[in-house]
Amino acid sequence: MPARARRTLFPEVVIERDSDTEKSSDDEEEVEDDVVESDDQEEDEVEVDARKVKEAEVSSPANKKGKAHITISLKKVCKVCKRTGHQAGFQGPTYIDCPMKPCFLCKLPGHTTVDCPHRAAMEFGVIPASRKRTNNSLDYVFERQVRHRVPSIKPEFVIPDEVNCAVIRYHSRRVTCLEFHPTNNNILLSGDKKGQLGVWDFGKVHEKTVYSNIHTCLLNNMKFSPANDGTVYAASSDGTMSSTDLETGLSTPLLDLNPNGWQGPNTWTMLYGMDLNAEKSLVLVADSSGFLHMVDTRSNSKKGNPVLIHKKGTKVVGLHINPFQPDLLLSCGNDHFVRIWDIRRLEPESCLHSLPHKRVVNSAYFSPLTGSKIVTTSIDNRIRVWDSIFGNLDTPSREIVHSHDFNRHLTPFRAEWDPKDPSESLVVVGRYISENYNGLALHPIDFIDISTGQLIAEVMDPNITTISPVNKLHPRDDVLASGSSRSLFIWRPKEKSDEVAQEKDERKIVVCDNRKNKKFGDGSDDDDDDDDDFKSKKGKKSGKSKGKKPILVTTPSSSKKKKF
DNA sequence: AGATCATGCGCCC
DNA sequence: TGGGCGCCCTGATC
């Protein structure tokens with residue numbers, strides 16, 4: 001597997017052990033504080049031998065209030081653990097870990113990220129559950145009613161792996177969510193941290209609209225109305241849930257949890273998870289204090305009282321209605337739990353199942369066709385899979401180690417199903433950790449077979465050096481949409497996008513700069529810019545390959561895409 | 001090129 | 001139980 005081969009790209013790093021490192025870290029910190037504000041005069045005095053510096057630090061009686069007596073160049077100090085003798089950070093496109101910290105990927109002790117076995121081949125990260133045969137009535141129901149809907153032969157996966165078109169700096173803040181139009185194959189909706197809603201016709205690359213007056217902050221989730229595909233519901237951190245007409249941009253607030261405006265951070269409530277129940281014409285939204293709210297879309301009025309579905313005071317970040325049995329609701333949140341509910345009997349403590357996680361859960365989804373599997377993404381760097389909601393739910397069927405750490409500046413990662421995969425085993429998820437790809441530090445978007453934990457494809461483009469935490473697969477076409485920082489990208493399978501490119505005389509890349517900044521292009525019409533802008537700013541961590549246009553996308557191997 | 005900032009969650013007292 | 005502090009691969013801007 002090429003992933004394994006990739007490992008050879010990592011230089012062997014031998015770090016000399018500093019014999020003093022165990023000593024008094026408190027002192028060190030105090031000294032450092034002083035160092036930062038110290039005077040310049042003595043700058044030249046101190047010399048660079050790390051060991052010497054160390055001794056100086058420990059022995060110097062740094063006076064608490066006044067000036068420090070010594071000035072030390074911080075160059076030789078590890079920026080992670082503040083110790084000397086090694087340094088963490090990028091060296092070219094390769095990140096060198098701080099050896100004092102546990103593995104950044106699997107979080108287990110005994111090795112650093114570079115040596116982590118999960119990094120080389122993802123399937124090593126799979127922790128299978130012991131096979132439990134319960135033979136209870138739910139198993140029986142599953143075998144009888146659901147099993148036949150799950151195809152036993154896995155189809156070939158088609159991986160959209162080449163950037164077909166992109167909108168750079170479309171949003172003025174990072175992208176938070178994406179949604180494909182239910183009937184128009186070329187429309188992609190995107191929400192951002194500022195509450196703006198983007199409508200992009202990626203078939204005619206230049207056609208794009210941004211509605212900026214719907215919400216005032218983070219657009220956390222949106223869904224199309226099943227009754228009318230011109231209407232979108234959106235939940236926002238401004239505490240409102242709205243219904244918007246895409247044609248006119250007219251928006252109606254259906255729920256406002258902060259009717260009295262800002263009364264301080266303790267009273268402000270935000271809306272996160274949201275989903276719809278078409279049968280009952282309900283919008284379900286969950287807030288930042290553990291409650292679920294329901295709104296009837298026929299009367300546009302609240303239905304019932306809010307129900308506490310997660311620990312009081314914690315965010316409920318995700319809701320999902322079971323596609324096969326719409327009375328089943330899945331919720332997940334910051335209390336480290338995923339819960340399954342029957343919305344006909346919604347009361348606190350009445351959940352059908354609680355699925356415990358080690359850390360905050362970013363997302364939890366039923367499988368898109370039969371609704372019988374569950375995939376969750378948690379910030380403990382694990383994707384968890386339950387193969388059947390009718391089976392034993394005590395432990396997940398598999399845990400897949402995957403780098404999608406929490407970072408306050410990134411939209412939380414979510415593993416998303418491929419809605420077209422009849423075997424319900426393909427999932428996309430962005431990767432946090434970077435890898436050295438021909439001299440570039442890139443963060444790929446991973447396609448994972450959750451039935452085995454195998455990494456099917458890692459999709460990246462040398463021009464996209466930012467992390468892509470938001471990804472969505474098209475419900476009908478072989479298209480992947482991804483949101484990376486403020487930009488949106490549409491990926492198609494390589495062959496196909498070549499055809500499309502030949503057929504069309506369209507520009508693929510649009511730079512949509514919301515600010516009045518001239519730096520991009522020459523101040524002329526945005527739409528006249530092209531690929532140069534696409535590449536421009538990038539390459540911070542990139543080593544060599546600057547000017548050339550390398551192969552766009554790599555997948556582990558071509559054979560992998562086929563034959564299952 | 002380097003400094004600055006934005007600002008969520010875990011953990012510790 | 002709650003406030004305060006610290007943070008490992010960010011990204012944009014100046």
Side-chain angles (χ1 to χ4, degrees), chain A residues 10 25 29 32-33 36 74-75 77-83 86-107 112-114 116 119 168-176 192-194 217-218 220 237 264-266 268 270 272 288-289 311-315 317 333-336 357-362 378-381 402-413 430-437 440-444 460 464-470 483-487 511 513-520 536-542:
Chain A
F10 289 97
S25 57
E29 271 163 37
E32 277 159 30
D33 286 344
V36 173
L74 292 178
K75 262 184 199 158
V77 173
C78 170
K79 67 173 182 180
V80 175
C81 70
K82 309 288 190 284
R83 292 171 199 244
H86 64 270
Q87 273 191 285
F90 275 102
Q91 279 181 18
T94 306
Y95 191 91
I96 307 297
D97 288 287
C98 170
M100 299 301 171
K101 292 279 181 175
C103 172
F104 191 57
L105 213 198
C106 72
K107 314 292 183 192
T112 60
T113 318
V114 181
C116 181
R119 184 165 189 172
I168 315 290
R169 299 208 217 185
Y170 182 33
H171 285 276
S172 54
R173 287 289 181 272
R174 60 168 213 248
V175 173
T176 53
D192 73 17
K193 189 169 164 284
K194 238 184 162 185
C217 58
L218 284 108
N220 291 311
S237 288
N266 296 333
W268 189 261
M270 298 168 271
Y272 284 86
S288 53
S289 52
K311 187 179 170 189
K312 198 169 182 187
T314 63
K315 271 198 309 201
V317 289
N334 281 23
D335 64 351
H336 303 190
H357 287 63
K358 296 226 173 65
R359 302 282 289 278
V360 167
V361 189
N362 291 343
S378 168
I379 67 172
D380 65 354
N381 266 353
H402 179 263
S403 169
H404 48 254
D405 282 68
F406 169 78
N407 178 317
R408 63 185 152 166
H409 308 300
L410 299 176
T411 303
F413 291 85
R431 198 193 300 174
Y432 189 168
I433 208 166
S434 68
E435 206 73 74
N436 180 350
Y437 296 98
L440 285 167
L442 301 176
H443 309 263
M460 83 286 287
I464 307 172
T465 55
T466 49
I467 296 173
S468 306
V470 195
S484 188
S485 188
R486 304 171 178 192
S487 307
V511 177
D513 196 348
N514 291 327
R515 305 148 317 127
K516 310 272 174 271
N517 194 337
K518 345 73 221 171
K519 207 173 162 194
F520 255 42
S536 61
K537 59 194 170 159
K538 317 293 186 173
K540 174 171 104 187
K541 300 158 196 166
S542 59

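Computed from heavy atoms alone, side chains included, the values below leave out hydrogens, waters and symmetry copies.
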From C-beta outward on A:V360, which listed nucleotide comes closest to its side chain: B:dC9, C:dC9, C:dC7? B:dC9
Between atom CG in A:D380 and atom C1' in B:dG10, what is the gap in whole Å? 13 Å
Give a yes/no verdict on base stacking between C:dG11 and A:H409: centres under 5.5 Å, planes within less than 30° of parallel. no
Side-chain H-bond candidate by donor/acceptor type, A:T411 with A:R174, under 3.5 Å: yes
Check the distance between B:dG8's C1' and A:R174's CZ and give it to me in whole angstrom. 9 Å
Need one value for A:F104: base, sugar-phosphate or nothing, where a base atom within 4.0 Å counts as base even if backbone is also close, heavy atoms only. base
Report which part of the nucleic acid A:I433 touches: base, sugar-phosphate, or nothing (heavy-atom distance under 4.0 Å, all strands). base
Pairwise C1' distance, B:dC11 and C:dC9 [rounded to whole Å]: 22 Å
Residue met sooner reading DNA chain C from 5', once A:S484 and A:P102 are mapped to nucleotides: A:P102
Looking across every strand, which nucleic acid part, if any, lies under 4.0 Å from A:D405 by heavy atom: base, sugar-phosphate, or nothing? nothing
From the candidates C:dA12, C:dC7, C:dC9, the one with an atom nearest any side-chain atom of A:F90 is C:dC9
Sort out the partner of C:dC8 for me: Watson-Crick or G-U wobble, both distances under 3.5 Å, none otherwise. none
Establish, from distance only, whether the side-chain atoms of A:N381 and A:S403 form a donor-acceptor pair under 3.5 Å. no
Are A:R359 and B:dG8 close enough that a side-chain N or O sits under 4.0 Å from OP1 or OP2? no
Do we get A:K107 above A:F104's six-membered ring, with its NZ or CZ under 6.0 Å from the centre and within 45° of the axis? yes
Quick one: is A:T113 getting a side-chain N or O under 4.0 Å of the C:dC9 phosphate, OP1 or OP2? no
So does A:K315 get a side-chain nitrogen or oxygen closer than 4.0 Å to the phosphate oxygens (OP1/OP2) of B:dG8? no
In whole angstrom, what separates A:K79's NZ from C:dC9's C1'? 8 Å
Short side-chain N/O contact to C:dT13 OP1/OP2 from A:R169, under 4.0 Å: yes
Under 4.0 Å between any heavy atoms, over every strand shown, what does A:K107 touch: base, sugar-phosphate, or nothing? Just pick one. nothing
Measure the distance from CE on A:M270 to C1' on B:dG8 and round it to the nearest whole Å. 10 Å
Reckon A:N407 has a side-chain N or O less than 4.0 Å from the OP1 or OP2 of B:dG8? no
Is there a donor in the side chain of A:T466 and an acceptor in the side chain of A:S484, or the other way round, less than 3.5 Å apart? yes
Atom CG of A:L410 to atom P of B:dT7: distance rounded to whole Å? 14 Å
Please pick, from B:dC9, C:dC9, C:dT13, the nucleotide with the shortest atom-to-atom distance to any side-chain atom of A:S434. C:dC9
Scan A:D380, A:T314, A:I379 and name whichever one has a side-chain contact (heavy atoms from CB on, under 4.5 Å) with A:V360. A:I379
Taking atom types as modelled, find out whether A:N220 and A:S237 have a side-chain donor-acceptor pair closer than 3.5 angstrom. yes
Whole Å only: how far is the CD1 atom of A:I467 from the P atom of C:dC9? 9 Å
Could you give the CG-to-C1' distance, from A:N362 to B:dG8, as a whole number of Å? 11 Å
For B:dA6, does OP1 or OP2 lie under 4.0 Å from any side-chain N or O of A:K193? no
Specify the separation, in whole Å, of atom CZ of A:R173 and atom C1' of B:dC5. 11 Å
